[in-house]
Amino acid sequence: MNAELRDGGTLVIQGVLGNTPQAVTLALHQVRAHLDRRPPFSDLDLSWEIVVAEVLNNIVEHAYADGCAGTISLHLTFRPDSLRAEFRDTGVAMPGHTPPKGMAANLDVPIADLPEGGFGWHLIRTLVTDLDYSCTEGTNRLALEMLLSHAS
């Protein structure tokens with residue numbers, strides 16, 4: 001991941017990663033390391049990481065579910081109070097060419113009946129202020145914006 005501090009206090013972090021869980025973990029560590037070295041980004045709460053991790057993991061698990069090799073392009077623009085993120089991949093398009101609604105799971109059930117997954121899109125949609133998806137000529141593009149908070 002490459003990082004550049006731009007005029008106006010904007011930090012741009014971008015790079016290309018493989019479509020494996022290990023590559024996602026490494027990319028998240030690298031982004032966090034860039035943020036940790038640059039106040040005011042060093043004290044951000046982890047909501048940005050939850051959203052970015054959920055999106056990257058969804059790309060690995062669903063867009064590249066067929067096991068074919070591929071990459072994910074990641075472009076993050078951090079401002080002291082917001083994040084704009086863009087993800088690109090050449091995996092399978094989202095069903096209906098739209099991100100899932102992400103309904104909240106019913107947690108009022110016996111423990112054995114709790115769902116194992118399906119929380120990601122609900123979480124993403126809860127935390128972001130803008131979400132845009134397109135698939136053009138075999139390339140998926142997901143862009144989102146979210147407000148950032150600083151840990152106390």
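This one's a predicted model, so the numbers in the text were calculated from it and none came from an experiment.
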Next on the checklist: Would Thr139 and Asp89 count as a side-chain contact (heavy atoms from CB on, under 4.5 Å) here? Give the steps.
Outcome noted: CA-CA 6 Å; Thr139 298; Asp89 69 80; over 6 Å; no

Checklist entry - Does the pair Thr10 and Thr77 meet the rule for a side-chain contact (heavy atoms from CB on, under 4.5 Å), with working shown? => result CA-CA 7 Å; Thr10 299; Thr77 303; 3.3 Å; yes

Checklist entry - Under the side-chain contact (heavy atoms from CB on, under 4.5 Å) criterion, do Met146 and Ser82 qualify, and how do the steps go? => result CA-CA 6 Å; Met146 64 183 295; Ser82 66; over 6 Å; no

Checklist entry - Are Leu144 and Val51 close enough, and set up right, to give a side-chain contact (heavy atoms from CB on, under 4.5 Å), and what steps lead you there? => result CA-CA 9 Å; Leu144 59 87; Val51 170; 3.7 Å; yes

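Side-chain atoms of Tyr64 come within 3.5 Å of backbone N or O of Thr90 as a donor-acceptor pair. At distances below 3.5 Å, at least one donor-acceptor pair connects side-chain atoms of Tyr133 with backbone N or O atoms of Met94. Put simply, the side chain of Thr129 gets close to the backbone of Glu145: a donor and an acceptor are under 3.5 Å apart. Checking side-chain atoms of Arg125 against main-chain N and O of Pro99 turns up a donor-acceptor pair under 3.5 Å.
Within the structure, salt bridge (Lys or Arg N to Asp or Glu O under 4.0 Å) pairs that include any residue of residues 18-36 comprise Arg32-Glu49 (at least two apart or interchain). Contacts classified as ring pair (Phe, Tyr, Trp, His ring centres under 6.0 Å) and involving residues 35-59 (residues at least two apart or in different chains) are given here: Trp48-Phe78.
When hydrophobic clusters are built by joining Ile, Leu, Val, Met, Phe, Trp and Tyr residues whose side-chain heavy atoms come closer than 4.5 Å, directly or via intermediates, Ile50 is grouped together with Leu74. Leu131 and Ile59 fall within a single hydrophobic cluster, where Ile, Leu, Val, Met, Phe, Trp and Tyr are joined by side-chain heavy atoms under 4.5 Å apart, directly or via other members. One hydrophobic cluster, built from ILVMFWY side chains closer than 4.5 Å, holds both Val24 and Leu127. Leu5 is connected to Leu44 through a chain of hydrophobic side-chain contacts under 4.5 Å among Ile, Leu, Val, Met, Phe, Trp and Tyr, so both are in one cluster.
Looking at Arg141 and Asp132, a side-chain N of the basic residue comes within less than 4.0 Å of a carboxylate O on the acidic one, giving a salt bridge.
Pairing each heavy atom of Ala3 with each of His34, the nearest pair is CB-ND1, 3.3 Å. Closest non-hydrogen pair, Gly9 versus Pro80, comes out as O-CD, 3.7 Å. The two residues Ser42 and Pro39 come nearest to each other via the heavy atoms OG-CA, 3.7 Å. The heavy-atom pair separating Leu28 from Ala53 by the smallest distance is CD1-CB, 3.6 Å. Pairing each heavy atom of Met1 with each of Ala27, the nearest pair is CE-CB, 3.8 Å. Nearest heavy atoms, Val60 versus Asn19: CG1-O, 3.5 Å.
Side-chain contact between His122 and Thr126 is present, with at least one heavy-atom pair separated by less than 4.5 Å. Contact of the Leu76 side chain with the Val31 side chain is registered, since non-hydrogen atoms from C-beta on lie closer than 4.5 Å. Leu17 is not listed as a side-chain neighbour of Thr71, based on a closest heavy-atom distance of 4.5 Å or more. The shortest side-chain heavy-atom distance between Val128 and Asp130 does not fall under the 4.5 Å cut-off. Between Ser73 and Phe87, the closest side-chain pair of non-hydrogen atoms is not below 4.5 Å. Counting heavy atoms from C-beta on, the side chains of Val52 and Leu83 come closer than 4.5 Å.
In this structure, CG in Leu142 is found 9.0 Å from CD in Glu86, a value given to the nearest 0.5 Å. Atom CG in Asn140 sits 13.0 Å away from atom NE2 in His62 (nearest 0.5 Å). In this structure, OG on Ser149 lies 11.0 Å from CG on Leu46, to the nearest 0.5 angstrom.
Under the side chain to side chain donor-acceptor pair (under 3.5 Å) test applied with His75, the options Arg88, Gln14, Arg84 reduce to a single match, Gln14.
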